[in-house]
Structure formats: C-alpha cells, structure tokens
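The structure appears right after this line, and notes come after that.
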Amino acid sequence: MELELERELQKHFRFSTFRTGQKEIIQDVLNGNDVLGILPTGSGKSICYQLPAIMMDGLTIVVSPLISLMMDQVKEMKANHFKKVIAINSFMNFEERREIYRNIHTYKLLFISPELLSQDFIIHLLQRVKVSLFVIDEAHCISQWGYEFRPDYLKLNSIIEKLGNPPTLALSGTATPEVQADIMTSLNKPEMIKHIYPMDKPNIAFCIEEVENDQEKNDMIIQLLKKYNIPTLIYFSSRLTAESFTRFLSEKLQGRRVGFYHAGMEPMDRVMIQQQFMNNQLDIVCCTSAFGMGINKGNIRLIIHYHIPLQLESFIQEVGRAGRDGKSSVSLLLFSKSDMLLPNHLIKSELPDAKDLSNVFGYLRDLTLQDMDLPKDDVQIQNLFNLNETQWRFLRYQLEKHHLIHDNKIMDYNKTWEDIYQSIFHVINSRVKLKISKLTEIIKWIHEDRCLRDTLYQGFQPTHSGAEFQCCSNCGFTWSEWTPEQQEIESNLGLNWENKLKKLLLLDI
DNA sequence: TTAGGGTTAGGGTTAGGGTTAGTGACGGTGCAAACCT
C-alpha cells in the first residue's frame, strides 16, 4: 500500500514524494473514512482528492465555491493528461450541459457549485452513478458564507445523505478550531478524522498603525510605496474607495502600474486584472475581499488593510497571500476611530432585523388569506418585502427549513407560525451577536500591547513558529530595517521569444 | 480678542457568488398505427 501510493503519484503527477499531510489524508480517504484536512495554501491540497479520484471506482464530486477555481482545476488536470474530469456551471449552454448529463457515468471527477448541487434534477442524476468520494474544497465557506450569503452550503449534509453517504473529505487552508467544529456539525459528520497542519507564516511581519483620519492613511501609504516598488495588495471594504484610491495612487506614483478589483466589475475585466498582477504587469491592486481565493502568486511582499476586515479569519486569509515564496513580507493594517461604522453597517445589512421579519410574516399571512403564492421572481419578492438579496436568501432558507414555504407555495396560516417566527428571530439575534463578537475580537487584537503574532495565532492553533525576519510592530518592527527583494522591472525580460512562446502555450493548455 | 485645538454632529455611501427553463436513463405497460398474409 505504502509504495503503491508513491507509484501512483509518480505515474499520474510525476512527483516522487508526497508533501506534508497529503499521504495521511489520501490513505484515510482510500480507507473509506470521513476526513477534515487543514493544509496551508500552496501545499498541494488538490492532490488529496485528485489521486483518490483516479484510483477509486466511480465518481468523485468536488464542491467548489468559485467557477474560476473549478476551471483552473479542470485545466490543470487536463494538462496532466487526465481527461475524465468536468465542471458544470450555469454559464454553459443547454447542449453542453445535456452532453455532460448523458455521459455522466464516463467521468471520474466532477466540479460543481453548492447551488447547482442543490437542484433535484442534479441529485437524481447523480443518484444513478456510484459516488465514491464527496469533496468540499475551501470548506471554511460552509461557516463563513453558509449562514447568510450562500445558504446552499448548509444543504450539503442532506445532499451527502441523498447520495448514499459516500466518504467525505473537507479541505481548507485556514480554519480555527471553531470553524473546524462548525464544518463537522454542519456536514453532520462529528466523527471526521482530522489532519490539521499549522498555517502560520513565519516570514510575515505584522504592523498596525492607528491614524486620525483617511488623509493620514493616504499619506502613509504614498510614503511607503514611494520607497518600496514591490507587488502590493491593498484591501478595502468599499468598492468605490478602492476605485478612487487607485486613481489617487496613479496620480501620486508616476510610472507605477495600479489596478483595482472588486465583485462589481465585468468578469472579463476581473480576469484581466488578476492575470496582469500574476504576470507582474501590475504592481499594486486595490481590491475588496473578492480578490484572492485561488490566487497563487509567490512574490506578493506587502498587504495593506485600508479598512478593518470583519473577522480575524478573513484577515489571516488575506494576509496569507503575502510571501508564498517564503521571502520576507509585511502586513500593514491602518485604522482610525471612525472606521468602526463601516463593518457595523456591513454586518447589519446582511440580516433582516426584527421589523423586517414581522413585515415579512405580515405579508405572508396576507398572501395566504388571499390564497396566493409568492411571486416567482425573487427580485419582485425582495422589493415587496423591502429586503436586499442576501437578507431574502437567508430568510427564504429559514422559511423553507421550517416548511413555511415550499417553492413558492405558502403553508396555510396556523398557530405554528408564531413558533417559526420566534425561532427565526432567535437565529437572527444569535448570528448578529456572533458577528459583533468576531468584530470585537479583531478590534481587541488591533489594540493589543503584546506580541501581535502570538495573539493573532493563539485562537487558531496550539503553537506557532517564531518570526523568521522582523516580528511585529509591538516587538519593535521598523520600516528602515525592512529591505524586501525589489521587483524585477519586467518578468518576461529574461526570456527569448522561444521561451516566451513556451510559457504562453503552457498557460493555455 | 483671536488663533488653534478638541469634540461632536450630520450627510451619504459601504463585501462576498451563484443561479434563472429546458436537460438523464431505463424498463414495463398499454395502445394505436402500420404492415403482412
């Protein structure tokens, strides 16, 4: 068995040895166990399901949060001469999708979103093939997105059951013990075998600066970026500010290539900015939290937070994109007292409040009394109830869970309505409370006097390595002592046309 | 009396991604149309 695994790895991926954690996870998976694997990004998480998928009979299903991640995976595997892999999404046309459904039994590996996987038709289709392994990639999304933003993540447990309870593998790069427990509870698999590996970054120095206002933030950033010409990400909690700051930087830093990135942009523009940054054709990207998942660029040297993330988990994920190559990198978080308004607003806008909830129940009751269904169009419902998209999605999930609505039919009015109201009201309250406490946690960390590295990681893992370079602003970090490797002017400069062509072709296999 | 510092209030803002209808596959049964003698 031992040697056999290495032989399979060599045969299919041309690696002679496994990286940390891979083999242990794969062995447990092949033995039919449910496994939770926390491996740092860039450590080859995907091998953990790709190799079992090849070796096992039947189909491996991989739930992935982003279509772009699915595409990357399929492209990579096909480049590795593995052809029995496919991703389904709603952008494919009818014919393409029908072709996949017809040939579903010929694939070994299927990438799919939780939303598509929640559709009855897809479940019926997959019930006809043997599902050998069920994988949740970026499994922290269950905890981070499932409760409000993408409730279909919470339906995975019932989907796994409908598929005959295949062995389940949940993978993530960052998950606190709290998030790990949340994943297992949500999947209804309390007995998962855990393989947890440290994700602290010894090569990143943590720096926090309190300022009076945004003007001071701007001055400080300009001063820094004038000194350092290095691949830099600046995180914002506002799309508009990210855009306007990009213009500001372009003005102040002549010759520096600056771009912005957020979820409100055209998909083509997003791909372009990401590619340019990856290929060192952009120096600085001003972005929202949309930027990052699946970005594998080794030489990001500086991550600046212009606004405070809503939780330490997000901060760690965003900061973790620096210094993947192991070289000295810095995280700088800027904050002023007035910054508290923004995260508070974001938390509130995610969930309906008490007034919204009683409004909705009133409307629903009126509709049943008139023997009417909910409108078919969700936008119409949102307008009717005066909720935003996320609030209504959260509420729809809750109402469906309590069987008060099904599709667009509303349950007849009876005395259980009051219990359901109370139950949803309770969920909202505890979610808001939890989010506020997470925000409080990061605020507390920002005001910490002790070592920032120690206090940041203490909730995430039992121990962590010390700093490899400078530690943090509480341990005497100084900018004057920081001399990062400066960026080469143009990454392709050293390549002749033949190598450039090879590089291009490799990128597009 | 005035410049300057500190505080507060008020205005309008605010992240994240997927999806939308149709679709597959199989065997058994019942029935009607087509074909053969």
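These figures come from a predicted structure and were not determined experimentally. Here is the naming used below: chain letters follow the sequence lines, and residue numbers restart at 1 for every chain.
Looking at heavy-atom distances under 4.0 Å, A:Ile104 makes no contact with the nucleic acid at all. Counting any heavy atom pair closer than 4.0 Å across all strands shown, A:His262 reaches sugar-phosphate atoms only and no base atom. Counting non-hydrogen atoms under 4.0 angstrom, A:Leu66 reaches the backbone sugars and phosphates but no base. At a threshold of 4.0 angstrom between heavy atoms, the contacts of A:Pro65 are confined to the sugar-phosphate backbone, with no base atom among them.
Per the geometry, CD belonging to A:Glu243 stands 10 Å off P belonging to B:dA15, to the nearest Å. One interatomic measurement links the two molecules: CZ of A:Phe315 to C1' of B:dA15, which rounds to 17 Å at whole-angstrom precision. Atom CD of A:Gln119 is separated from atom C1' of B:dA21 by 11 Å (rounded to the nearest Å). At whole-Å resolution of the value, OH in A:Tyr147 and P in B:dG16 are 22 Å apart. Per the geometry, CE belonging to A:Met92 stands 17 Å off C1' belonging to B:dA21, to the nearest Å. In this structure, A:Met71 places its CE atom 15 Å from C1' of B:dG17, rounding to the nearest Å. We find that CG of A:Leu117 is positioned 11 Å from P of B:dT19, with the value rounded to whole Å. A:Lys155 has its NZ atom 13 Å from the P atom of B:dT19, to the nearest Å.
Each of A:Asn103 and A:Ile88 was matched to the nucleotide of DNA chain B holding its nearest heavy atom; the match closer to the 5' end belongs to A:Ile88.
Donor-acceptor pairing under 3.5 Å, judged by distance alone, is present between the side chain of A:Glu389 and the base of B:dG18. You'll find a donor-acceptor pair under 3.5 Å spanning the side chain of A:Glu350 and the base of B:dG16, going by distance alone.
Ring-to-base geometry does not place A:Phe94 in a stacked arrangement with B:dT23 (centre distance under 5.5 Å, plane angle under 30° required).
A salt bridge links A:Arg257 to A:Asp283: one of the charged nitrogens lies within less than 4.0 Å of a carboxylate oxygen. Between A:Glu350 and A:Arg393, none of the side-chain N atoms (NZ, or NE/NH1/NH2) sits under 4.0 Å from a carboxylate O, so this pair counts as no salt bridge. A salt bridge between A:Arg453 and A:Glu448 is absent, with no side-chain N of the basic residue lying under 4.0 Å from a carboxylate O of the acidic one. The residues A:Arg396 and A:Glu400 are annotated as salt-bridged, a charged nitrogen and a carboxylate oxygen being separated by less than 4.0 angstrom. Salt bridge annotation for A:Lys217-A:Asp339: present, with a cationic side-chain nitrogen under 4.0 angstrom from a carboxylate oxygen. With respect to A:Glu212 and A:Lys337, no salt bridge is recorded, no charged nitrogen being found less than 4.0 Å from a carboxylate O.
Each of B:dG16, B:dT23, B:dT19 was ranked by its minimum atom distance to the side chain of A:Ala290; first place goes to B:dG16. The side chain of A:Phe121 lies closest to B:dT23 when the candidates are B:dT23, B:dG16, B:dG18. In the set B:dG18, B:dT23, B:dA15, the nucleotide with an atom closest to the side chain of A:Tyr101 is B:dT23. Checking B:dG17, B:dT23, B:dT14 against every side-chain atom of A:Ala263, the shortest atom distance belongs to B:dG17. The listed nucleotides are B:dA25, B:dG16, B:dG17; the one nearest the side chain of A:Arg270 is B:dG17. Distances were taken from every side-chain heavy atom of A:Phe149 (C-beta onward) to each of B:dT20, B:dT14, B:dG16; the shortest belongs to B:dG16. For A:Leu346, taking side-chain heavy atoms from C-beta onward, the closest of the listed nucleotides B:dA15, B:dA25, B:dG17 is B:dA15.
Taking both residues in full, the closest heavy atoms of A:Ala290 and A:Ala263 are given as CB-N, 3.9 Å, listed atom of the first, atom of the second, then distance.
OP1 or OP2 of B:dG16 lies within a sub-4.0 Å distance of a side-chain N or O belonging to A:Thr288. Residue A:Arg97 has a polar side-chain atom (N or O) positioned under 4.0 Å from OP1 or OP2 of B:dT20. Using a 4.0 Å cut-off, some side-chain N or O of A:Ser113 falls inside it from OP1 or OP2 of B:dT19. A:Arg102 has no side-chain polar atom (N or O) that falls below the 4.0 Å cut-off from OP1 or OP2 of B:dC26.
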